[in-house]
Each structure stands twice: as structure tokens, then as C-alpha cells.
**Q** 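Pasting a structure below so you can have a look.
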Amino acid sequence: MPETLTDADLKNLIKQLSKIAGLNLSDDRVDRDLVAYKSHLAAIDKIRTIDLPLEAEPAPTFGPTRQA
Amino acid sequence: MDVSRREFIAGSLVVPVAQAIAPAERKPDELGYLSLTDAATLIKARRLSPVELTQALLDRIDRLDRRVGAFITVTREEALRSAREAEREIAAGRYRGPLHGIPFGVKDTHYTRGTRTTANTPVLVDFVPDFDATVVARLKRAGAVLVGKTNLPEFSFGSAGGGGAFPDAHNPWNLSRTPGGSSSGSAAALAAGLLTVATGGDTSGSIRNPATFCGVVGMKPTYGRVSRHGIVVISWSLDHVGPMSRTVADNATLLNAIAGHDPADDSSADRPVPDYTRALRRGVRGLRIGIPKSPQFDGYHPDVMRAFQESLAVFRKLGATVAEIDLPPTSDVIDDVQQIVRIAEAASYHEPFLTTKADRYATTTTVRRDLESGSLITAVQYLRAQKVRARFVNDLAAAFRTLDVFLTPGMPAPAGEAMDVKQPFRRMFNVCGFPALVLPNGFSTAPAGLPIGLQIAAKPFDEETIYAAAQAFESATEWHTRHPSL
């Protein structure tokens with residue numbers, strides 16, 4: 001998680017992102033969600049410590065013959 | 001035409017059955033802990049009626065489930081109707097196989113046609129599916145008898161706690177403690193002798209965690225081995241469905257019935273299903289067992305480590321070799337990978353609920369909070385997690401080249417005890433999709449009397465080797481024979 005972001009910054013970020021996500025979170029919901037969002041950002045930071053080659057592909061694969 | 005119990009039994013073949021309970025001496029409570037294997041032998045020989053077995057379990061549920069809380073819905077009428085149908089078929093010589101007439105339960109995430117499927121959330125409390133999940137349909141086709149839908153935390157999120165639309169389940173070994181989660185009701189029902197077999201779901205360890213805490217056997221099969229069609233989703237790429245039971249043999253028999261390709265599930269593996277029960281006699285002589293290096297166990301409960309070391313001694317005595325292995329560096333971040341993949345996929349599944357009925361999530365859980373925050377993860381962040389996941393799968397496959405099975409404790413501590421550990425060895429098997437089973441391997445001394453479990457993992461689609469190892473261990477120990485006092 002970027003160290004320069006304070007809780008107030010993150011709450012503002014959650015508020016704005018929630019609009020893009022179609023959730024339009026209230027201030028009360030933003031307060032509740034902050035701890036979980038910080039946990040997700042911390043996990044993302046840890047994942048970034050793994051160096052990946054440019055050709056690395058994500059795990060799910062598309063299959064044109066699959067019948068969903 | 002109905003067949004009376006007396007007629008069903010009187011028409012039985014005179015076949016000696018090992019350890020069979022003679023009908024005249026049978027006490028209803030003894031049927032609560034009858035294994036699938038023994039029950040199937042008795043039913044096939046017409047020395048036990050499916051109706052008698054089902055009624056005995058329903059009676060136990062009536063008497064005990066107010067305290068255990070293992071069930072959200074008991075399908076009493078359907079169960080007795082199915083049991084009578086099984087009885088008629090068997091009496092007419094149309095025995096379908098070892099699941100015929102056997103009572104089972106499914107986690108209340110499994111769609112059941114005409115019976116509510118709540119996932120223990122107010123969001124779905126009135127949801128009645130119009131079809132059966134593939135797993136449920138296969139068990140019914142095998143002649144098994146659905147007794148009820150078992151408890152879970154709201155939407156299968158986390159371990160038991162916080163309720164949802166219905167109160168939490170409790171651990172039959174100590175009703176003040178958690179049974180684990182999220183397949184809490186299935187594990188608790190088995191431990192309490194309320195079901196013969198059950199199924200569960202496993203996205204973060206949700207079969208193996210409660211199976212360990214309740215002292216039963218739980219298998220998370222290889223991803224794609226068992227259909228996910230008709231199961232309420234947490235995360236499409238991490239969700240697994242698997243069998244839960246009191247013995248290894250019962251578990252293998254149940255997997256036989258539910259495994260196999262399903263065109264309705266995009267992730268279902270189109271490959272043959274072996275008869276898993278054949279692996280039970282294989283033994284472990286020459287089996288190559290890998291275990292983590294000791295620093296990976298920092299923070300593990302002393303009783304758990306004692307049981308783990310004693311289990312390794314059992315395997316050595318049976319002829320297996322044990323060697324420490326290095327886990328790949330990607331394993332250090334694999335729980336973080338699982339967190340991001342799980343919550344991003346879950347947020348996508350829940351988008352219609354979050355945008356139209358968010359106020360219906362339980363206020364006593366953190367499910368809504370976790371999902372709303374998960375909705376803010378970007379596609380780039382999600383895909384980075386999936387890239388590290390792909391690398392981890394390759395790394396772990398390489399580590400498994402010199403092994404047949406990989407052993408760890410089922411959980412770092414007994415139910416309800418503090419667990420602050422670096423590596424819990426659960427979510428990694430959801431991330432890689434390799435099969436992993438837990439079975440009882442001891443009881444705690446401090447606090448006293450709580451089950452401890454052993455996890456056995458193997459290469460993809462090698463559930464047979466897991467069953468061979470688990471059966472050898474179970475046959476050499478007696479942990480699975482203990483039951484809680486209720």
C-alpha cells in the first residue's frame with residue numbers, strides 16, 4: 001500500500017472507486033470497508049514482490065471449445 | 001406397494017456380515033455412527049432397512065441438533081419417501097450400489113430442486129432452485145437419501161461465526177467451540193452421528209478446516225474432478241466440492257459417486273474416474289512422503305506438532321520414507337494471491353446483490369464489507385495475482401516430482417485456539433488445485449479432548465495415492481473410532 005496514502009486519502013479513494021463500481025457507498029459504508037480494502041492493498045503489495053517475466057500469463061485460460 | 005420393515009428384513013439373504021449389528025439387538029443410536037461401508041453391506045444383504053437407518057438419523061437430529069445446529073433444513077418427508085423407494089427397489093432385486101438407501105447431507109450451497117438453498121444468508125433465504133446441483137443429482141441417482149441441508153457461515157465466507165440468516169453450528173466435541181468452516185454443518189453432523197456421509201465446499205480450506213476441528217475425514221479433490229454446477233459460488237477458479245465422512249473408505253466410495261465430467265461445468269475435467277476404493281488396499285510401502293522444513297511450523301500448537309511427528313512415525317513403520325522438502329518462494333505470498341483472486345471473483349459474482357439488495361446481507365458478518373472492498377480491485381491487480389498463481393502451480397509441480405504425497409498438520413491448532421502462523425498449508429491447495437485430504441490423527445491435551453488432523457496432498461488427479469496413504473494410517477490407528485459425548 002502506498003505509504004503516502006492516509007486513511008482519509010483511502011476513504012476518499014474508496015468513495016470515488018465505488019461510484020465507478022456502481023456501488024455509491026455511503027460515508028458509513030466507506031468507514032466500515034476501509035479495513036478490508038487496506039488488507040487487499042497489503043496483499044497486492046506482497047504479490048508485487050514476486051518478479052515475473054514479461055511473458056508470464058495468468059492462470060485461467062480461454063478455451064474456444066468449452067461449453068459454459 | 002410398500003414393503004414392511006419386517007418383510008424387508010425377513011426376505012434377506014443369509015449372508016454373514018462382518019461386525020454387523022443383528023437387527024434384533026440393534027439400538028437406534030448405534031445407527032448414528034454406522035459407516036457407509038457397513039450400512040451398505042447390511043442394506044444389500046437386507047439386514048438393515050434404509051427406512052430404519054433414515055428414521056434413526058432423523059430421531060437423532062430431533063434430539064441433538066438443537067444443541068449442535070448442524071442443519072439449516074431437514075428434508076424429513078423427502079428423506080422418508082426416498083428411503084421407502086430405496087427399500088422397495090432393493091426388495092425387488094434392483095440394488096443400485098453402495099450408496100443405495102444411504103442417508104446423506106449437503107452443504108446449503110448445493111442447489112436442491114424444490115428445497116430452499118439459503119447459503120445461510122438473508123439475501124437467498126427464500127431461494128428455491130428448480131434443479132439439483134450435479135453432485136446432488138448424482139447422489140440421488142445412486143439411490144442415496146437426502147436428509148438435509150447443512151449449516152455454514154454466510155455465503156461460505158470464513159470460519160463459523162457471526163451467524164447469517166440462521167445461527168452458527170457448534171463443535172460436537174465441545175459445544176462452546178467452533179466446528180470450523182465453512183462446511184461447518186456437514187462436519188458437525190458427521191461428528192455427532194447425525195448423517196452417514198456429507199458433502200462440503202472448499203475455497204480456502206472449507207472442507208479440511210471443519211473436518212479437522214470435528215475429527216472427521218474431508219477430501220478436497222483436484223480442481224475439475226467434481227462438478228461445481230449448481231453450487232452457490234464464492235470464486236469460480238478456487239471453489240471445490242468434495243466428500244466428507246467418518247472413515248477413509250466411506251470417503252472414497254462417496255467420491256466414486258460424485259466425481260466425473262460434467263458438461264454443465266466449464267472447469268470440469270473430461271478424464272476417466274478410477275474406482276477409488278481399489279486404492280484402499282494398496283498400502284504405503286515405498287511411498288515417498290514430503291514434509292515442510294521445521295521453520296514453516298513456527299507458531300503451531302505443541303499438541304498438533306506432537307500428533308504430526310507421531311503420524312510420521314506410523315508411516316515410517318509401515319514402510320514409507322519421509323524427507324523434508326523446500327517449498328517454492330512463491331508459497332510465501334500464496335495466501336495473498338488466494339485473497340485477491342477469491343475476493344475479486346466473489347465481488348463479480350455478488351455484483352447484482354451488492355447493487356440491488358446490499359442491505360439484505362447479515363449485519364453480524366463482514367461479508368458485505370469484504371465484497372464491497374473487493375469490488376474496488378482493478379483488473380490489473382487481479383491478473384497479477386493470477387500470473388503469480390500460474391508460476392506457483394509450476395513451482396509446486398516441480399517440488400512434487402520427487403514425492404508421492406505431501407504431509408502437513410490439518411490445522412495449526414485445535415478448534416478455537418490461537419493460530420498466528422506463517423504458513424497454514426490450506427489455501428495453497430485451492431490456488432494450485434492439487435487434491436488434499438484430512439483425517440483424524442490425535443486429540444489435544446491442552447485444552448483436552450479436541451480433535452487434531454493430518455493433511456495428505458498429492459499431484460493433480462492422484463486422489464488414489466492419497467486414499468492409499470490415508471487408509472493405511474487409519475488402519476494402523478484408532479482415532480477415527482472415537483465419538484463425542486452429547
Side-chain angles (χ1 to χ4, degrees), chain A, chain B residues 223 236-238 263-268 270 328-330 332-345 347 351-352 354-356 358-359 363 366-395 431-433:
Chain A
M1 181 167 44
E3 290 177 7
T4 52
L5 289 178
T6 64
D7 280 3
D9 293 333
L10 286 170
K11 285 183 186 178
N12 190 40
L13 189 62
I14 292 170
K15 185 90 175 170
Q16 301 307 320
L17 284 172
S18 79
K19 291 177 184 169
I20 297 171
L23 301 180
N24 287 317
L25 298 177
S26 65
D27 289 343
D28 176 56
R29 289 305 314 171
V30 169
D31 286 345
R32 289 170 191 255
D33 292 357
L34 177 65
V35 64
Y37 190 57
K38 287 169 79 171
S39 167
H40 299 329
L41 292 179
I44 290 163
D45 273 355
K46 282 186 73 180
I47 293 168
R48 285 199 184 108
T49 63
I50 302 294
D51 286 329
L52 293 169
L54 191 60
E55 63 273 19
E57 293 193 8
T61 54
F62 169 71
T65 60
R66 287 187 173 178
Q67 303 164 28
Chain B
Y223 185 76
W236 300 284
S237 74
L238 294 166
D265 176 359
D266 188 40
S267 62
S268 179
D270 190 3
T330 38
D332 292 340
V333 303
I334 215 58
D335 281 12
D336 303 290
V337 166
Q338 196 268 359
Q339 177 181 338
I340 297 305
V341 171
R342 174 176 50 83
I343 203 63
E345 293 184 7
E351 185 184 9
L354 290 172
T355 52
T356 62
D359 57 337
T363 55
T366 59
V367 174
R368 180 180 172 188
R369 180 198 79 179
D370 293 349
L371 289 167
E372 286 177 342
S373 58
S375 303
L376 313 182
I377 292 168
T378 69
V380 172
Q381 291 167 333
Y382 169 77
L383 287 168
R384 175 148 192 118
Q386 289 285 24
K387 288 180 185 175
V388 175
R389 179 186 196 179
R391 179 161 158 190
F392 173 70
V393 174
N394 284 339
D395 291 348
V431 172
C432 69

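Reminder, nothing fancy here: chain letters follow the sequence lines and each chain counts from 1. For clarity, every value in this text was computed on a predicted model and none was experimentally measured.
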**Q** Testing B/Thr355, B/Leu354, B/Asp370 for side chain to side chain contact (heavy atoms under 4.5 Å, CB included) with B/Ser375, which one passes?
**A** B/Leu354
**Q** Measuring heavy-atom distances to chain A, does B/Leu383 have an atom under 4.5 Å in its side chain, in its backbone, in both, or in neither?
**A**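 The answer is both parts of B/Leu383.
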**Q** Do B/Val337 and A/Ile50 come within less than 4.5 Å of each other through their side chains, counting heavy atoms only?
**A** no
**Q** So for A/Leu25, is it side chain, backbone, both, or neither that comes closer than 4.5 Å to the heavy atoms of chain B?
**A** side chain
**Q** What's the separation between atom CD in B/Gln338 and atom CD1 in B/Ile343, rounded to the nearest 0.5 Å?
**A** 9.5 Å
**Q** Side chain, backbone, both or neither: which part of B/Leu376 has a heavy atom under 4.5 Å from chain A?
**A**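 The answer is both parts of B/Leu376.
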**Q** Could you tell me whether the side chain of A/Arg48 and the main chain of B/Gln381 form a donor-acceptor pair under 3.5 Å?
**A**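 Looks like no, no N/O pair under 3.5 Å.
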**Q** So for A/Thr49, is it side chain, backbone, both, or neither that comes closer than 4.5 Å to the heavy atoms of chain B?
**A**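 For A/Thr49, side-chain heavy atoms alone lie under 4.5 Å from chain B.
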**Q** When rounded to the nearest 0.5 angstrom, what is the spacing between CG in A/Leu41 and CG in A/Leu5?
**A**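 That separation rounds to 8.0 Å.
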**Q** Determine which residues belonging to residues 11-19 of chain A lie within contact range of chain B, meaning some heavy atom pair is under 4.5 Å apart, and list them by number or answer 'none'.
**A**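 Expected list: A/Ile14, A/Leu17, A/Ser18.
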**Q** Can you tell which of B/Ile340, B/Ile377, B/Thr330 has the highest number of heavy-atom pairs within less than 4.5 Å of chain A?
**A**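 It is B/Ile340.
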**Q** Tell me, yes or no, whether the heavy-atom count around A/Asp51 atom CG, taken from other residues, nucleotides or ligands under 6.0 Å, exceeds 12.
**A**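 No - once you tally the heavy atoms of other residues, nucleotides and ligands closer than 6.0 Å, there are 12 at most.
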**Q** Quick check on B/Arg384 against chain A: is it the side chain, the backbone, both or neither that has a heavy atom closer than 4.5 Å?
**A** both
**Q** In terms of heavy-atom proximity below 4.5 Å to chain B, should A/Val30 be classed as side chain, backbone, both, or neither?
**A** neither
**Q** Indicate the atoms forming the closest heavy-atom contact of B/Arg369 with A/Ala36, along with that distance.
**A** NE-CB, 3.6 Å
**Q** At a 4.5 Å cut-off on heavy atoms, which part of B/Ser237 comes close to chain A: side chain, backbone, both, or neither?
**A** neither
**Q** My understanding is that only residues two or more places apart in sequence, or in another chain, count here; which of them pass salt bridge (charged side-chain N to carboxylate O under 4.0 Å, His left out) with A/Arg29?
**A**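 Salt bridge (charged side-chain N to carboxylate O under 4.0 Å, His left out) check on A/Arg29 returns A/Asp33, B/Glu372.
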**Q** In the structure I gave you, are the side-chain heavy atoms of B/Trp236 and B/Ser267 within less than 4.5 Å of one another anywhere?
**A** no
**Q** Determine the minimum heavy-atom distance between B/Ser373 and A/His40, stating which atoms define it.
**A**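 Smallest heavy-atom distance, with atoms named: OG-NE2, 3.1 Å.
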**Q** Could you report the tightest heavy-atom contact between B/Asp395 and B/Pro328, atom names first, then the distance?
**A**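 Closest pair (atom of B/Asp395, atom of B/Pro328, distance): CB-CB, 3.4 Å.
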**Q** Side chain, backbone, both or neither: which part of B/Asp335 has an atom under 4.5 Å from a heavy atom of chain A?
**A** neither
**Q** Count the heavy-atom pairs under 4.5 Å between each of B/Arg389, B/Gln339, B/Arg391, B/Glu351 and chain A, then report the option with the highest count.
**A**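 Heavy-atom pair counts peak at B/Gln339.
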